[in-house]
Structures are given as C-alpha cells and as structure tokens.
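Okay, structure first, notes after.
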Number of protein chains: 2
Amino acid sequence: MSRPVTGDAPALSTAWLRVFLEVARLGSFTEAARGLGYTQSAVSRQIHALESALGAGALFDRLPRGVTPTERGRVLLPRAEAVLAQLDGARADLTALAQVSGGRLRVGAFPTAGAALLPRAVAAFRERHPRVELSCAEGLTEDLLSRLDHGELDLAVVSTTAGADLAAYDLRKLLDESMYVAVPAGHRLARRRRVRLAELAGDDWVSGSPHTERSLLHPAVREDFRPRVGYVAAEWIAKQGYVAAGLAVALIPALAADGVRPDIRLLAVHEDDIPPRAVYAATLRGRSAPAAANAFVRLLREAGRNGSA
Amino acid sequence: MSRPVTGDAPALSTAWLRVFLEVARLGSFTEAARGLGYTQSAVSRQIHALESALGAGALFDRLPRGVTPTERGRVLLPRAEAVLAQLDGARADLTALAQVSGGRLRVGAFPTAGAALLPRAVAAFRERHPRVELSCAEGLTEDLLSRLDHGELDLAVVSTTAGADLAAYDLRKLLDESMYVAVPAGHRLARRRRVRLAELAGDDWVSGSPHTERSLLHPAVREDFRPRVGYVAAEWIAKQGYVAAGLAVALIPALAADGVRPDIRLLAVHEDDIPPRAVYAATLRGRSAPAAANAFVRLLREAGRNGSA
DNA sequence: GGCTCCCATGCGACACTCGCATGGCACAGC
DNA sequence: GCTGTGCCATGCGAGTGTCGCATGGGAGCC
C-alpha cells in the first residue's frame, strides 16, 4: 500500500558484502579470510549466507585454485560497492556533524542581539566551523519561538520580556541584560554612573512607542515614575539623534550599548527600577540540540561575557 | 594499503535500516512495529543497535508522543534510502538475469554454423529475450576456445574436427553433423539419396584447399578413395558454381545444406566414409554458465533438430 | 600415486534477536 | 491533584545465527 520497494526481502548483513567484495578482489576465500581476520570457514559461510539471502544461484564458481565470480557475482559487484560507499558516506556525514565540520545551523535572534552579541558569536563560529552552513534571522521573541516550533529554526536567542511561555522550551541562559539611560553629554546627570529613574521624572523621553506598555519603559512605570514620552522613534539611531540634540533621554538595553555616539553618556539604571532581562538560547523541548547549536551557544556565552552586559 | 575505505567499521544489518526508515516515516516505534510485523520492543532494540553501530549519538529524540529524527537521523535518512535502493536494484538485476531478461551473452561459432543454425537460434532468442544484449562472433574452433579462455566469449559453438582439446571445457552436444556430396543435377548419381565415396573416385573435386589434409575431405581419404582435387575454392558459393557447371563434385556439411541452388543435388555420405562431426556448445570448465547461455543452448538444439543435420 | 591447495561442513561455544511482560515517563482528563 | 493512557526502555528465557576448530572431499601437480 505505502512503500513501493523493499518488500519482505530477507535482511542481510553488511559484513557479508564486505567479505563478498574482498573475496572477489582476491579470488580466494582463504586469502580474503586472512585479510579480514576471519577463518576460511567463516568466509565460506558468509558467502553462502549472502548467496541464499539473494535467492538461488551461486555468486562464485568454486574452482580448484580459488574462486571466480559468476555472472550473478559480477552483476552484484558494483551494487555492493555502492552500498558500502553509501554507508561510508553516512559515517563520514555523522562524524562531520559530531566534529561540527558539516551540516547547517539556523539561528534566530531578537533585534538587539544583532548589535554585538550575535555578530561576535557568528564571527567566531565562522572561523572555527567554516563548513557549517550558518544562517541568521531576526525577529521578536514570540515569532522566533513559533519558527522554532515549525522547524524553521534550530536555535533562538530570546529574552524574558514578552509573555511568551518559555517553559515549553529547553533554555540555556546566556546573560543578564541590564538597562542604561542615554543622556546628552551636557545633561545634568551626565557625570553619574548610576541613576534612579525617579531622578529623571522631569525629563522628556524618546521611546519606541507612544504607549509605554509596548516599549522598553513598560517595566519601569510605577507611581513615582510616569515618564513623559515626548518623541517616538523605533530605531536606536534615531533615538540617539534626539538624545544628542539634548531634547530627550532614552532607555537602551546593554546589548545595544556598543558603538554609541561620543556625545551621549550611558547611565546604569538601578535594578530595582528595571530588573535585568535574562537572555536565553532556546531549543525545542526534549529535542537533542545539534552539535553545532551547542558550539554556538558556547560562543554566544563568550561573546556575552566579553561584551558589555 | 589497498582499500581506501570501509575500515573496521562495525557491521550492521539492512533490517535495521528498513526499521529506521519506517520509524522515521511514521514517527513512532509502535506504529513501525505494527507495520513491519515486529514487536515494539524489537523495534526499540533494532534502533538502539543501529545507533550504537553508527557511534555515539541518538538517531531519534524520544518524545512523549512518539519520536522525531535528530539531526543525525535526518542526515542518515537519504543515505539509508540509497542503501536500500541499491539493494533493491541488486535484487532486480539478479532476477532479471534469472529470467533471462537482462545481462549480455557473447556467442562465438564456427563459420558453417552461421549458415542456418546460428541465425535461427539468434532470431528465436531475440524474440524471447529482447532485453539481453546478444553479440555473435565467427571464428575457427581453436580461436573460439582461446577467446573463451580469455573471457571474451560466454559460449562457443564448436565442432570436433580440429585437434583442439575439448576435454578442458564443459560441452553440451547440439547435434551430429553428417556430410553430403553435392553433384550437378545431371550427374549420373543425381537420383540417389545416399552414396559411398568410392563411387565418386573418378570424379573431379572442388575443395577448400589443394591439400586434402586441410579440407573437409581429410577424414574421407583412404586407400580406395584418393580424391582428385581439380578445383580450389574456399567459399561455398564458389564451389556451387563449379558443381552446377558440371565440372566437379564437392563435400558440404549438413549445416551448410540449406538454401542450395536448385540445379544441385545433395547426396548423403555413408557414415563409414566420413564419420559425423559432433557439434557442441562449449563453456569454461567448472564455470557456471549464465542463464542466458543455457537458454541459448536450448534454442540451438531446437534449431538443430528442425534444420537438416 | 602421493602431495598440496582450496572450499565445504559437522560440532560445540558463544552472541544475538526475538516475544513477553513489566517499568518509567509525560501528558490529559476528571 | 490524582489517576488513566500512550509511548518507549528493559529484564528474562527461548530460539537462531555465527564463530573457530577440526575434518572431509575434490582437483591439479610432481
């Protein structure tokens, strides 16, 4: 009904095929046995087993001075070689996977990770495992997890912000991401290293959305801190413009803190005001991760340690 | 030193591969077991055996609701299919050989067989076994046997004339070939069916060679019959010319008796004068003949029975 | 005619694979 | 929250297969 081929044909051992090829090459059961570490009787039996598994008809003519393949044997020869070649190829493929010198890896990451974390890990991965086909995609955490579910991604770099159900995935923590406030170089707090958000209650804010619920400011809002969003800009490069011009201040995740323009200062936000976000590498729950994914996670952690987080 | 691949890798059973593919297709050990006629435990063990034969690393992730191939499993999938396809192909090749619907057959025959015996057998063979690649070569018996020895022929149609050592071959008798004397229609014995050669002692003969030792006349020469070779012609068509013109008589083997021109009569020679030549199909001693060769021999025998011999 | 070389086969030991039954794990439903 | 269900893993005993050892038989060579 379903499978077109491979009916109830008797199974056979690949050892038989190896013995078959060696016998054909050497023209002798005894010689082949010597070469393969078998007894002559074992070779004789294995050839007999192969002959009967393939149906009536001998594969070798037994001559007084060795053996010669019959017509059937000559026909089987290239097939047996192809079979063993495929098996060798399979083994090679698998060892390549184990040594992370083959296969592919599809990584997804939330946008901020693309600033420094991901590029660093990708660069290191490309250098160490150049033969792995690596592809990176950007997306929001929810979207990434969905693509993970659909088998479109092997690994997703996500953060705990969204309400997504991370418990349904295997997580490996990469880093805790703290938050900064970007202020213009001439700001009154510009010399400080750390601030409480209440100190900035009077400033105008530039944010990704006019509604704080949908922006980075969301976890910071409380009674004594209701930020006034004076400007809206989604891209960090635009936010920088407003900040540098002295019009507003802005929140910036630590992962995006690299390469900020020189006329802007970054002040660490107290973790009681905005708790650090955990950044995870997520894989499907219960699924064993590809070796390449494990190697990539290792490099992501390194990148997280070396970078500012 | 010699073989590049297939080191001492552990052997594996093709049954494991079939089970592997079925499990991958159905996503369940239990379902695969049902379809293949195994127990679930047997499937579990076979997959485990395959996994350990291919080195560390699982091929399936065991989930609460069935299994899913791991990366390794996905890589192995096409390889396993290729292996089983090659095995199916091998089986198909072998059954084609057994049913004489494939393979090749190289036949050699001595020249006279090409007159009628061989063409008839070839025609019948081509009709019944159109997918066998059949080739025919002509040659003298000694030459044919040599080519058989060198593996250039699968089957040789030979006769006992030459001093060749037929005992070194496997022979299957096709027919006993008697000899005829060709005489012009107006010859004094033209109405006879059988003659003794002594009755033709006074006639001129046309023969393939001026020396009787190297012609068909050789076995006929004795004290009371020393034929006078008046004309020499190698080709039977030329001999016919001399005979039809009333200039000479000629010996003709039964196999060449077909299609003789109407102004010539053929008289059977008494077998005491020239003993019948045995015609054999020869194959290498001890070598099992291809199925196509056996079929061809059968057709040769039929052709020999139906033709004039 | 004896010798040698090669493959086939009976024998006992060992390993493998099977089915049966049970156990463990995770999810679903009451 | 607990039990039921579905799925895979595994211990056990029986049957089969495969091995090495030893021997037998057939064909050529000296």
Side-chain angles (χ1 to χ4, degrees), chain A residues 8 10-20 22-54 57-70 73 149 165 167-170 284-288, chain B residues 8 10-20 22-53 58-70 73 149 165 167-170 284-288:
Chain A
D8 48 1
L12 41 91
S13 163
T14 60
W16 301 349
L17 295 180
R18 259 182 56 203
V19 170
F20 168 75
E22 197 68 359
V23 167
R25 192 172 70 87
L26 295 174
S28 158
F29 283 18
T30 307
E31 280 301 310
R34 201 184 327 271
L36 292 170
Y38 281 117
T39 312
Q40 171 266 329
S41 91
V43 170
S44 173
R45 275 186 240 264
Q46 291 204 36
I47 295 296
H48 192 74
L50 183 61
E51 286 172 336
S52 55
L54 290 177
L59 295 172
F60 291 101
D61 279 322
R62 276 70 165 177
L63 304 175
R65 220 153 210 66
V67 298
T68 296
T70 62
D149 285 334
D165 185 16
Y169 300 88
D170 276 347
L284 280 178
R285 180 170 200 84
R287 251 75 148 201
S288 64
Chain B
D8 46 3
L12 41 91
S13 162
T14 60
W16 301 348
L17 295 180
R18 258 183 55 202
V19 170
F20 168 75
E22 196 68 359
V23 167
R25 191 172 70 86
L26 296 173
S28 158
F29 283 18
T30 308
E31 279 301 310
R34 203 186 323 274
L36 292 170
Y38 282 117
T39 311
Q40 171 266 328
S41 90
V43 169
S44 174
R45 274 187 242 264
Q46 290 202 39
I47 295 297
H48 192 74
L50 183 61
E51 285 174 336
S52 55
L59 295 172
F60 291 101
D61 279 324
R62 275 71 165 178
L63 305 175
R65 221 151 209 67
V67 297
T68 296
T70 63
D149 286 334
D165 186 14
Y169 301 88
D170 276 346
L284 280 179
R285 180 169 202 86
R287 252 75 148 198
S288 65

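To find a chain, count down the sequence lines: A is the first, B the second, and so on, and within it residues start at 1.
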Taken to the nearest whole Å, CD/B:Gln40 to P/D:dA9 is 7 Å

Bounded by its outermost nucleotides with an atom under 4.0 Å from a heavy atom of chain A, the footprint on DNA chain C reads C:dC6 to C:dC11

On a heavy-atom basis, the closest approach of B:Glu51 and B:Leu59 is OE2-N, 2.8 Å

Just by distance, no angles: are the side chains of A:Ser288 and B:Asp61 close enough, under 3.5 Å, to form a donor-acceptor pair?
yes

Assign each of B:Arg34 and A:Gly37 the nucleotide of DNA chain D bearing its closest heavy atom; nearer the 5' end lies the nucleotide of B:Arg34

Comparing nearest nucleotides in DNA chain D, the 5'-proximal residue of the pair A:Tyr38, B:Thr30 is B:Thr30

- prompt: When we call it a touch if two heavy atoms are under 4.0 Å apart, what does B:Val67 touch: a base, just sugar-phosphate, or nothing?
  reply: sugar-phosphate

Between CZ of A:Arg65 and P of D:dG26 the distance, given in whole Å, is 18 Å

Taken to the nearest whole Å, CG/B:Leu63 to P/D:dA9 is 11 Å

State, with a plain yes or no, whether a side-chain heavy atom of B:Arg287 is found less than 4.5 Å away from one of A:Leu63. yes

Rounded to the nearest 0.5 Å, the CD atom of A:Gln46 sits from the CG atom of A:Leu36 at a distance of 8.5 Å

A:Leu50 CG to D:dG17 C1', in whole Å, measures 16 Å

Whole-Å distance, A:His48 NE2 to D:dT18 P, equals 11 Å

When rounded to whole Å, the CZ to P distance for the pair A:Phe29 and D:dG26 reads 18 Å

Distance col, row B:Thr70:OG1 vs B:Phe60:CZ, nearest 0.5 angstrom, shows 8.0 Å

Rounded to the nearest 0.5 angstrom, the CZ-CD distance for A:Arg25 and A:Glu31 is 10.0 Å

Of B:Arg45 and A:Glu31, the one whose nearest nucleotide on DNA chain C sits closer to the 5' end is A:Glu31

